[in-house]
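What follows is a set of notes on a single structure, which appears directly below.
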Amino acid sequence: MNENRIPVGILGATGMVGQHFVKFLQNHPWFEIAWMGASDRSAGRLYREATVWRLEGEMPCGVEDFEVRECKPVNAPRLMFSAMDASVATDIEREFAKAAHVVVSNSRNHRMEPDVPLVIPEVNPDHLKIIPHQQRLRGWEGQIATNPNCSTIVLAMALAPLKPFGITRVIATTMQAISGAGYPGVASMDINANVIPFIGGEEEKMQQETQKILGDFTGEGLRPLSAKVSAHCNRVPVLDGHTVTVSVEFERKPSKQDIVSALVNYRSTPQDRKLPSAPPQPVIYMEESDRPQPRRDVERERGMAVFVGRLRECPVLDYKFVALGHNTIRGAAGAAVLNAELMYSEGLLD
Ligand SMILES: NC(=O)c1ccc[n+]([C@@H]2O[C@H](COP(=O)([O-])OP(=O)(O)OC[C@H]3O[C@@H](n4cnc5c(N)ncnc54)[C@H](OP(=O)(O)O)[C@@H]3O)[C@@H](O)[C@H]2O)c1
């Protein structure tokens, strides 16, 4: 262990998102993996024995010989990232928060609870102010903070710069990568040369999470954005990268140039504070008529930026555009690590 770095643990370290955490945290300037947990099928085994490494490249050295632990708050670091299966995350994350751990979760389980912040550091860093209420209400010394669903984050980051124009209605249609379904995901016989127009629970998540994220902290609670949001979610044969086509209506219709300026000039707290995983430019506007594209653009900026293009007038709402983001990086592990960096910069890990 490097004494200057903060020890962190990963709950669900053997799974797909857990592996992304391991990869993303490699050589992190502030955080160092010190603990890994998974189910009792894996507990007691070495990480390299318990894990089938499914990401590109080798398993990072330094983690292979970690002993995988049971997901119990015993000798675990204070800061815990969670990538556990949703069927078990509710109780285990609560148990850790009760035992004074800071749980930065990627699972859906607690996202919509009124006293749990659902954070994108660029968009709603002030929602972390709900944490003292959470601790008081639940009698916890620890806390739970969450990041959004992998398609919500793409939509919310593209809409956030446009919030000052007064968003009233949004229609978003996704083309979601197969990696978003975890491993092995959708059967190849179903997804090859095909589109599956249903992802269970996804449309409701996108609608509600977007309203919560773009809402306001009132001093006592989180007031969701009153805009109506309608999502259509589809699984497509793309490996990584969720594409979302968006139509949006505003209270005061801006000019096209106003929208481009808002997107291009969008910077926020992570950029001001130079958080290690923050992309210098969180939203990248592309002028080309056929971009962004997942295969060409999604890996740029370490997978942490959202790409927007094809901005044009919409005959039904006011404008329409395309947005793209990396679902397992900006939509999962990278999102949670950036949340923890924000929390550290706010003194919440002291
Ligand atoms: N895949 C994505 O792109 C994506 C994106 C955003 C959010 N998410 C969310 O992230 C979470 C993980 O997804 P994933 O795709 O990584 O799933 P996964 O590959 O199935 O991994 C699940 C992890 O949970 C662990 N686990 C299972 N049962 C457990 C138990 N009883 N106690 C403790 N740990 C247990 C597994 O350990 P074993 O190896 O020992 O079974 C494994 O480490 C889910 O909540 C998912 O909804 C996924």
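Both counts, for ligands and for their atoms, begin at 1 and track the order of listing. All of these numbers come straight from a predicted model, not from anything done at the bench.
For atom 23 (C) of ligand 1, the nearest non-hydrogen atom from the set Ala333, Gly37, Ala83, Ser42 comes from Ala83. Of the candidates Met36, His326, Arg41, the one placing a heavy atom closest to atom 41 (O) of ligand 1 is Arg41.
Remark: Arg111 engages Glu209 in a salt bridge, criterion side-chain N to carboxylate O under 4.0 Å. Salt-bridge formation is not detected for the pair Glu93/Lys98: no Lys NZ or Arg NE/NH1/NH2 atom is positioned less than 4.0 Å from an Asp or Glu carboxylate oxygen. The pair Glu113-Arg94 meets the salt-bridge criterion, since a charged nitrogen lies less than 4.0 angstrom from a carboxylate oxygen. Comment: Glu346 engages Arg273 in a salt bridge, judged by a side-chain N to carboxylate O separation of less than 4.0 angstrom. The pair Arg169-Glu249 meets the salt-bridge criterion, with a side-chain N (NZ, NE, NH1 or NH2) lying under 4.0 Å from an Asp/Glu carboxylate O. Here Lys129 does not pair with Glu220 in a salt bridge; the nearest charged N to carboxylate O distance is not below 4.0 Å.
Closest to atom 48 (C) of ligand 1, if we only count protein heavy atoms, is Val17 CG2, 3.4 Å. What sits closest to atom 22 (C) of ligand 1 on the protein, heavy atoms only, is Asp85 N, 3.8 Å. Of all protein heavy atoms, the one lying nearest to atom 46 (C) of ligand 1 is Met84 O, 4.9 Å. At the top of the distance list for atom 8 (N) of ligand 1, counting protein heavy atoms only, stands Asn106 ND2, 3.5 Å.
Under 4.0 angstrom from ligand 1, the non-hydrogen atoms of Thr14 come from both its backbone and its side chain. Only the side chain of Cys71 comes within contact range of ligand 1, with a heavy atom under 4.0 Å; no backbone atom does. With a 4.0 Å cut-off on non-hydrogen atoms, Met16 touches ligand 1 through its backbone as well as its side chain. With a 4.0 Å cut-off on non-hydrogen atoms, Asp40 does not touch ligand 1 at all.
In this structure, Ala89 has no heavy atom closer than 4.0 Å to ligand 1. For the ligand labelled ligand 1, residue Thr51 lies outside the 4.0 Å heavy-atom shell.
Atoms of ligand 1 found under 4.0 Å from any heavy atom of Ser179 (numbered from 1 in listed order, with element): 1 (N), 2 (C), 3 (O). Less than 4.0 angstrom separates some heavy atom of Ala86 from each of these atoms of ligand 1: 45 (O). Less than 4.0 angstrom separates some heavy atom of Gly182 from each of these atoms of ligand 1: 1 (N), 15 (O).
With a 6.0 Å cutoff to the six-membered ring centre and a 45° limit on the axis angle, Arg310 does not count as a cation-pi contact of Phe321. Remark: Arg302 qualifies as a cation-pi partner of Phe24 under the 6.0 Å distance and 45° angle criteria applied to the six-membered ring. In this structure, Lys253 is positioned above the aromatic face of Tyr319, its NZ or CZ under 6.0 Å from the six-membered ring centre and within 45° of the axis.
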